[in-house]
Amino acid sequence: SVILWGGEPGIGKSTLILQICDSFTKMGKTVLYCSGEESDIQIKMRAERLSVNTEGCFVFAESNLETILAEVDKLHPDMVIIDSIQTTYLPNSSSAMGSPTQIRDCTAILVKMAKESGIIVMIIGHVTKEGNIAGPRILEHMVDVVFYLEGDRNYQFRVLRTVKNRFGSTSESGLFVMGRKGLKGIDDPSKYLLKGIQKAPVSGSTVAACMEGLRPILIEVQALTVHSVLAVPRRIASGYDFNRLVILLAVLEKKGEIPFDVYLNVAGGYKLKETAADLSVALALFSVKYDIPLKKFCMALGEIGLTGEILPVSKLSLRLKEAVKMNFTEFVLPARNQEEAENYFKDNHREELLSHVVFINHLEEAIHFFKSQV
């Protein structure tokens, strides 16, 4: 297999790969770690920091692919690491190192070697400012698996997403926290991401249940609105898709709401990509505008259409199960999910929670819900 790893600089790709090498060699396998970016001394320093000390991991500071292939023929490793494909080159090629031609040709040779010899090849790739792996797009078509390690370098939380997988599903995700000893898996990500939530309810804060692959995660959405001093209000989002925020604010302004500067943040460094959190974002904006906090253990879900209607969300039962596990007792849900929600609470003998569920058909109902409490 040929596995491609992508991620921003400093996000932890090399750290995770080195930890994989440690686990792999403890199974009695051998690894050849080829680095064109760091010296063998630098890799050794990282290995000591991560407490990685196995005789089966060989470090080779080399960028010339022909020299690397000769070392592979000599060592016969079970796995080869290329760190990174942008620094690997073919000396007979007229193209510069890191050019699309060099990247494509080097990857083609590595794929051929992997298929003929049965060696696992892991390729680390740089990413562009848009978040895509640098080089020709055909690179992702040539490999078997594509991983992206995502997160904010200012936070410890990391998500490993599968974009392509010829050997299985792409619905699984890895959730990690970066520590002094490297990346460590998180057993309860909701508890980790909500650990900094205020003990007392505050305006501008809501909680949504998002799906990370097949795993539901509770995340906190924080919003702030202030009167704009500019002709065009400012919109700033951290951890949330900016274009999605613009669409939501356009729907809200059509209803005569939120003509202010808007600042939105997803706590804990999590990058929220699901439209199921639309209603949670809208309620956070209403909450801060009317200065009315939602109850502490209240979760909101729902996709907002351009007409203001609240669309249903998928996998509601899994989301509710995670929320109930985290002691949430108040729910604001799409009316189109009412039957599924009622069935979940009845099947799990939690009928008493049904009296704490508010089902919403349209965004105007959410607005009236807040105005009635002023």
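Only this structure's heavy atoms are used, side chains among them; waters, hydrogens and symmetry mates stay out.
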TODO: State yes or no: do L139 and V146 share one hydrophobic cluster built from I, L, V, M, F, W and Y residues joined by side-chain heavy-atom distances below 4.5 Å, directly or via other members?
DONE: yes

Open item on the list: Apply side-chain contact (heavy atoms from CB on, under 4.5 Å) to residues L110 and I82 and explain how you reach the verdict.
Closed with: CA-CA 9 Å; L110 290 169; I82 304 296; 3.9 Å; yes

- [ ] Kindly check if the number of other-residue, nucleotide or ligand heavy atoms within 6.0 Å of CG (N53) is above 12?
- [x] no

TODO: Kindly determine whether V324 and R350 satisfy side-chain contact (heavy atoms from CB on, under 4.5 Å), including the steps that lead there.
DONE: CA-CA 9 Å; V324 172; R350 299 301 300 269; 3.4 Å; yes

- [ ] Please confirm whether the backbone N or O of T170 pairs with a side-chain atom of T162, one donor and one acceptor, at under 3.5 Å?
- [x] no

Task: Criterion side chain to side chain donor-acceptor pair (under 3.5 Å) on K181 and S51, from CA distance to verdict - done: CA-CA 7 Å; K181 295 294 184 180; S51 299; 3.3 Å; yes

TODO: Taking the side chain as every heavy atom from C-beta outward, state whether L248 and V281 have any atom pair closer than 4.5 Å.
DONE: yes

Task: Residue pair T54 / K26, side-chain donor-acceptor N/O under 3.5 Å - done: no

Open item on the list: Does L294 form a side-chain contact (heavy atoms from CB on, under 4.5 Å) with L283? I'd like the steps, not just the answer.
Closed with: CA-CA 8 Å; L294 283 170; L283 293 181; 4.2 Å; yes

Task: Listed partners of F176 passing side-chain contact (heavy atoms from CB on, under 4.5 Å), at least two apart - done: R158, L160, L183

- [ ] Say whether, by atom type as modelled, one donor and one acceptor occur between the side chain of N337 and the main chain of V313 under 3.5 angstrom.
- [x] yes

Task: Interatomic distance, L175 atom CG to S173 atom OG [nearest 0.5 angstrom] - done: 6.5 Å

Task: Side-chain H-bond candidate by donor/acceptor type, S63 with T88, under 3.5 Å - done: no

- [ ] Answer yes or no: is there a donor N or O on one side and an acceptor on the other, between the side chain of K289 and the main chain of T225, under 3.5 Å?
- [x] no

TODO: Report the hydrophobic cluster partners of Y263, with the cluster defined as I, L, V, M, F, W, Y residues connected by side-chain heavy atoms closer than 4.5 angstrom, directly or transitively.
DONE: L224, V226, I236, V288

TODO: Kindly compute the distance separating CD (E38) from OG1 (T87), expressed to the nearest 0.5 Å.
DONE: 10.0 Å

- [ ] Establish, from distance only, whether the side-chain atoms of S205 and Q222 form a donor-acceptor pair under 3.5 Å.
- [x] no

- [ ] Would you kindly confirm whether L75 and M79 end up in one hydrophobic cluster when ILVMFWY residues are joined by side chain heavy atoms under 4.5 Å apart?
- [x] no

Open item on the list: Within the supplied structure, the quantity of interest is the number of heavy atoms (other residues, nucleotides, ligands) at a distance under 6.0 Å from K164 NZ; does it exceed 12?
Closed with: yes

Open item on the list: Does E339, at its CD atom, have more than 12 non-hydrogen atoms belonging to other residues, nucleotides or ligands within less than 6.0 Å?
Closed with: no

- [ ] Answer yes or no: is there a side-chain heavy-atom contact under 4.5 Å between L69 and I109?
- [x] yes

Task: Check: V31 and P77 side chains under 4.5 Å, non-hydrogen atoms - done: no

Task: Non-neighbouring partners of N92 that pass side chain to side chain donor-acceptor pair (under 3.5 Å), sequence neighbours left out - done: E66

Open item on the list: Keeping H362 on the side-chain end and T307 on the backbone end, is there a donor-acceptor pair under 3.5 Å?
Closed with: yes

Open item on the list: Looking at F167, is its backbone amide N or carbonyl O close enough to the side chain of N165 to form a donor-acceptor pair, meaning the two atoms are under 3.5 Å apart?
Closed with: yes

TODO: Taking atom types as modelled, find out whether S84 and E37 have a side-chain donor-acceptor pair closer than 3.5 angstrom.
DONE: yes

Task: T206 versus E220, side-chain donor and acceptor atoms under 3.5 Å - done: no

Open item on the list: Under 3.5 Å, is there a donor on one side chain and an acceptor on the other for D291 and S203?
Closed with: yes

Open item on the list: Please tell me whether S169 and S171 have a donor and an acceptor in their side chains that are separated by less than 3.5 angstrom.
Closed with: yes

Open item on the list: Atom CD1 of residue position I138 - does it have more than 12 heavy atoms of other residues, nucleotides or ligands inside 6.0 Å?
Closed with: no

Task: F147 reachable from V159 in the ILVMFWY side-chain graph, under 4.5 Å edges - done: no

- [ ] Report yes or no: do I119 and L4 belong to one cluster of Ile/Leu/Val/Met/Phe/Trp/Tyr joined by side chain heavy-atom distances under 4.5 Å?
- [x] yes

Open item on the list: I need the S95 OG to Q102 CD distance, nearest 0.5 Å.
Closed with: 5.5 Å

Open item on the list: Run the ring-ring contact (aromatic ring centres under 6.0 Å, His included) test against Y33 and tell me which residues pass, sequence neighbours left out.
Closed with: none

Open item on the list: Taking the side chain as everything from C-beta on, heavy atoms only, tell me whether F60 gets closer than 4.5 Å to T67.
Closed with: yes

Task: Y192-I219 co-clustered via ILVMFWY side chain contacts under 4.5 Å - done: yes

TODO: Verify the neighbour count for atom CD of E55: are there more than 12 heavy atoms of other residues, nucleotides or ligands below 6.0 Å?
DONE: no

Open item on the list: I want to check something: taking the side chain as every heavy atom from C-beta on, are V332 and L301 in contact at a cut-off of under 4.5 Å?
Closed with: no

TODO: Determine, using ring centers only, whether F331 and F345 are less than 6.0 Å apart.
DONE: yes

TODO: Ignoring hydrogens and angles, tell me if any N or O in the side chain of S287 forms a donor-acceptor pair with the backbone of I292 under 3.5 Å.
DONE: yes

Task: Pairs involving residues 68-86, ordered by first then second residue, that meet salt bridge (Lys or Arg N to Asp or Glu O under 4.0 Å) (sequence neighbours left out) - done: none

Task: L320 vs M299 side-chain heavy atoms within contact, under 4.5 Å - done: yes

TODO: Could you tell me whether a side-chain N or O of Q42 sits under 3.5 Å from a main-chain N or O of S39, the two making a donor and an acceptor?
DONE: yes

Open item on the list: With rounding to the nearest 0.5 angstrom, report the CD to CZ distance, Q19 to R46.
Closed with: 10.5 Å

- [ ] Only pairs at least two apart or in different chains count here, so list each salt bridge (Lys or Arg N to Asp or Glu O under 4.0 Å) that has a residue in residues 300-326.
- [x] D188-K325, E274-R319, E309-R336, E322-K325

Open item on the list: Quick check against the 3.5 Å criterion: does S99 have a side-chain atom that pairs as donor or acceptor with the backbone of A96?
Closed with: yes

Open item on the list: Other residues, nucleotides and ligands only: do more than 12 of their heavy atoms fall within 6.0 Å of CZ on R234?
Closed with: no

Open item on the list: I'd like to know whether Y344 forms a side-chain contact (heavy atoms from CB on, under 4.5 Å) with L318, so could you lay out the CA-CA distance, the side-chain angles of the two residues, the decisive distance to 0.1 Å, and finally the verdict.
Closed with: CA-CA 9 Å; Y344 169 79; L318 291 175; over 6 Å; no

Open item on the list: Check this for me: does any side-chain nitrogen of one of E330 and K295 sit under 4.0 Å from a carboxylate oxygen of the other?
Closed with: yes

- [ ] Say whether, by atom type as modelled, one donor and one acceptor occur between the side chain of Q86 and the main chain of H126 under 3.5 angstrom.
- [x] yes

- [ ] Return yes if some donor-acceptor pair links the side-chain N/O of T25 with the main-chain N/O of G56 below 3.5 Å, else return no.
- [x] no

- [ ] Take R244 and D278, measure what salt bridge (Lys or Arg N to Asp or Glu O under 4.0 Å) needs, and give me the verdict at the end.
- [x] CA-CA 9 Å; R244 188 62 190 172; D278 287 354; 2.3 Å; yes

